[in-house]
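Each chain gets a letter, A, B and so on, in the order its sequence line appears, and its residues count up from 1.
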Amino acid sequence: MRSTKHLTALLHTVLQELGLPWPEKTTIEPPKDKKFGDLAVNCALLLAKQVGKPPRTLAEEMAKALLGASADIAKAEVAGPGFVNITFTPQFWQANIVRTEEQGDAYGSSTLGKGKKMQVEFVSANPTGPLHVGHGRGAAVGDSMVRILRFSGYETQAEYYLNDAGNQMQTLGLSIWLRVQELVGNSTVPFPETCYQGEYITDIARGMLQENATLPTLPEAEGRQLCYETGLALILDGIKNDLKNFRVHHDVWFSELSLVANGEVERTLNAMKASGHVYEADGALWFRSSALGDDKDRVLRKSDGSLTYFASDIAYHANKYNRGFDAVIDVWGADHHGYIPRMRACIEALGRPAEAFDVILVQLVNLMREGKQVAMSTRAGEFETLEDVLKDVGVDAARFIFLSRKSDSKLDFDLDLVRQRTMDNPVYYVQYAHARVKAVLRRAAEQGIGTQASSSLALLQEEEALDLLRCLDRFPQVVQDAATGCAPHFISYYLMDLAGLLHKYYAVHQVVLAENLEQTAARLRLLQSVAQTVKNGLLLLGVEAPDSM
RNA sequence: GCGCGGUUAGCUCAGUUGGAUAGAGCGUUGCCCUCCGGAGGCAAAGGCCAUAAGUUCGAAUCUUAUACCGCGCACCA
C-alpha cells in the first residue's frame with residue numbers, strides 16, 4: 001500500500017516531465033514472480049500505440065526517470081514486452097515496521113469509507129427453529145463484512161430482519177399447539193406434514209405444559225396465540241444465544257410486524273402508486289417491475305386483500321434508506337438469487353441509485369462427516385444445528401472455514417478436518433504464527449531482551465525478512481479490496497500467505513541471539529509487526545489470536 | 001423452455017482492472033531436528049484453465065456458441 005502509493009506519485013511526476021498522459025488502465029502491482037522486482041508498471045504498454053513509440057523505448061525513458069526521481073528506488077528495469085519493474089531499497093521496506101508499531105491495532109484501517117453510512121443485513125432467518133450451519137456461514141460472512149467496513153472507515157450498522165408477520169408464524173403456533181395436544185393424549189389426527197417437524201417443537205410444547213397444565217383446555221385460537229408468542233420468544237432467545245456464542249453481533253433487530261402494524265407498508269405502496277409503479281389487475285395490486293428489468297410484474301396485495309412478503313420487503317428497504325444509509329448490503333442464501341431482479345427494480349422505483357444496493361449471495365454448506373455428506377432436510381426436522389457444529393469444532397475453526405471461500409461458491413465443510421487441531425487446518429496454521437511470535441517474545445523477555453525502538457532496522461536485510469516486509473505492506477490494500485469487493489475471504493488468503501512467510505523466516509533465522517542484541521532487537525520488532533498484522537486480520541474475521549496454543 | 005451461478009493439479013479451492021513461465025493447501029515421493037515451540041521448513045512429481053471460434057501487442061480473465069453440474073422461475077415466505 002505504502003509502496004504502491006509512493007510509486008504512483010513518483011510515476012505521475014515522471015510522466016508529466018516526459019510529457020506523457022496518465023493512462024487510465026495503468027496497473028501498479030506486485031508481479032507474480034519475485035525476480036521481476038517489487039512492483040511492475042504496465043503503462044509503457046498502454047501508451048505505445050497512442051504515442052507512436054515502441055513500448056520498450058518508452059519503458060526505458062520511464063525507468064531512467066524513475067530511478068533518478070527517488071532514493072527509495074534501488075532498481076528500475078525494463079523487461080518483457082515493456083514492463084517497468086521497480087525494486088525498492090531495503091531501507092524503504094524496513095520503514096514498514098515503524099508504521100505498524102505506530103498504528104498498532106489500527107494497522108490496515110483506512111478512511112476509505114469516510115462519511116458513508118452503510119448497513120449490512122444478515123442471517124435474518126425465520127424464527128421458526130434453531131439456526132443451522134447454512135445460517136452460520138451467512139452469519140460469519142455478514143459479521144466479518146461489518147468488521148471490515150468499520151475498519152475501512154464506513155459507519156456501519158448490523159441488522160437482523162425478523163420475519164414475524166407471515167404464515168410461517170401461524171404455522172409455528174399451530175405446530176406447538178398440536179404437539180401440546182398430543183402430549184396430553186388429545187390428538188385425533190396425525191401431525192400434519194405442513195407443520196414443523198423438529199424435536200424442538202415438542203420440547204417447547206413440553207415446557208409450556210409444565211408451566212401451565214391448563215394450556216390444552218384453552219379455546220384453540222387463544223391457545224395457538226399463546227403457543228406462537230411463547231414459541232417465538234423461546235426460539236428467538238435460542239437464535240440470539242447461538243449468534244452470541246458465534247461472536248456475531250447485530251445492532252438492530254427489525255420486526256416485519258412493526259412495519260405492517262404502523263402502516264408503513266401501506267404508506268410505501270401509496271407512494272409507489274403516486275409515482276406510477278403500481279397498478280391493479282385481477283383484483284390484486286401489482287408492481288410494474290418488468291419495466292425495471294424484472295422478468296414479470298409482481299403482486300403486492302393479493303386478491304384476498306392480504307399483503308405479500310415482497311410488499312413488506314419493499315417497505316423495509318424504503319425504511320432503510322429513510323434511516324440515512326448511503327448503501328445497504330443484504331446477505332442472502334444463494335437459493336434466493338431469483339429475487340434479485342425484483343429487488344433491484346424496487347430500489348430503482350424508490351429512486352435510489354443501483355450502487356446503493358448490494359447482495360452477497362452465500363452458497364449452501366455441504367456438511368461432511370467421515371467422507372460422507374450429512375443429510376439435511378428442514379422439512380423432516382433433520383439438520384445439523386449451528387450450536388452442535390460449534391460444540392464439535394469450535395468457533396475459531398468454523399468462522400475461518402466459512403470465510404476461506406468465496407461466498408458465492410459451494411462449501412464442503414468437513415467436520416473431521418475442521419475439528420483437527422493440526423496444521424492441516426488452516427486456522428491453526430495462522431493462529432500458530434501469532435502464538436509462535438509471542439513465544440519468542442516471551443523467551444527474549446526472560447533473557448532481558450526487549451524490542452528497543454532504537455534498534456537498527458537496517459540489520460534486516462535477509463531475503464526472508466524482505467518478503468515479510470513486502471507482505472506486511474500489502475495488508476491495508478487487502479482490507480480495502482475486501483471492503484469494496486464484499487469479499488472477506490481475501491483476508492483469510494492473505495493471512496495464510498503471511499503466516500507461511502513467518503514460519504519460513506523462523507525456520508531459517510534464529511531470532512534471539514544473546515551475543516548480538518542489536519540484531520535480536522531488530523528481528524523481534526519484525527516479528528512483533530507480523531504478529532500485530534496477523535492479529536488485526538484475524539480480528540476482522542472474528543477469530544482469536546492466541547498468545548499460546 | 002427462460003434466467004442466474006459454476007467448470008482451473010488426484011482432492012478442496014484462490015486467481016483483483018485482460019499482463020511476463022497459471023498458484024496455494026491437502027494427498028503422493030524424497031530431504032532437514034546440537035536449533036528461540038518440528039504444532040515447523042525445503043524439494044519433486046502433478047495442468048489442453050470444460051470445448052470451439054472471436055476481440056488484441058497479450059485471454060483462466062472480455063464476446064458468442066456448445067457440453068455438463070447446481071439453483072431459481074408463486075396472488076409462498
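One finds no side-chain N or O of Lys410(A) lying less than 4.0 angstrom from the OP1 or OP2 phosphate oxygen of rG70(B). Phosphate contact (OP1/OP2 of rC36(B), side-chain N/O of His509(A), threshold under 4.0 Å): absent. Between Ser409(A) and rA14(B) there is a side-chain N or O to OP1 or OP2 distance below 4.0 Å.
A salt bridge does not link Asp396(A) to Arg399(A): none of the charged side-chain nitrogens sits closer than 4.0 Å to a carboxylate oxygen. Classification of Arg369(A) and Asp416(A) as a salt-bridged pair fails, no side-chain N sitting under 4.0 Å from a carboxylate O.
Note: CG (Asp414(A)) to C1' (rC26(B)) measures 11 Å, nearest angstrom. Spacing between atom OH of Tyr428(A) and atom P of rG25(B) amounts to 20 Å, rounded to whole angstrom units.
The neighbour count for Lys302(A) NZ, taken as heavy atoms of other residues, nucleotides or ligands under 6.0 Å away, is above 12. No more than 12 heavy atoms of other residues, nucleotides or ligands lie within 6.0 Å of CZ in Arg421(A), so this atom counts as exposed by the packing criterion.
Rounded to a whole angstrom, the distance from the P atom of rG27(B) to that of rG15(B) is 23 Å. Comparing rG1(B) with rG18(B), their C1' atoms are spaced 35 Å from each other, to the whole Å. Remark: the separation of the P atoms in rA65(B) and rC48(B) is 27 Å, to the nearest Å. rG3(B) sits 26 Å from rC49(B) when the C1' atoms are compared, rounded to a whole Å. As rounded to the nearest Å, rA74(B) and rU12(B) have P atoms that lie 33 Å from one another. Nucleotides rC71(B) and rU17(B) are separated by 29 Å at their P atoms, to the nearest Å. Separation of the C1' atoms belonging to rC69(B) and rC76(B) is 27 Å when rounded to the nearest angstrom. Using atom P as the reference point in both rA45(B) and rA24(B), the two lie 12 Å apart (nearest Å).
Below the 3.5 angstrom threshold, one finds no donor paired with an acceptor across the side chain of Thr308(A) and the base of rC75(B). Evaluation of atom-type donor-acceptor distances gives no pair under 3.5 Å for the side chain of His336(A) against the base of rG72(B).
Stacking between Phe83(A) and rA20(B) is shown: the ring centroid lies under 5.5 Å from the centre of the six-membered base ring, and the planes differ by under 30°. Here Phe36(A) packs flat against the base of rA20(B); its ring centre is closer than 5.5 angstrom to the base's six-membered ring, tilted by less than 30 degrees.
Pair assignment for rA9(B) gives none, since no Watson-Crick or G-U wobble pairing has each distance under 3.5 Å. Using Watson-Crick or G-U wobble geometry with both donor-acceptor distances under 3.5 Å, rG3(B) finds its partner in rC71(B). Pair check for rC36(B) finds none; no Watson-Crick or G-U wobble contact set falls under 3.5 Å.
Residues meeting the side chain to side chain donor-acceptor pair (under 3.5 Å) test with Lys34(A), sequence neighbours left out: Asp467(A).
Counting any heavy atom pair closer than 4.0 Å across all strands shown, Asn42(A) reaches a base atom. Within 4.0 Å (heavy atoms only), Asn163(A) reaches no atom of the nucleic acid at all.
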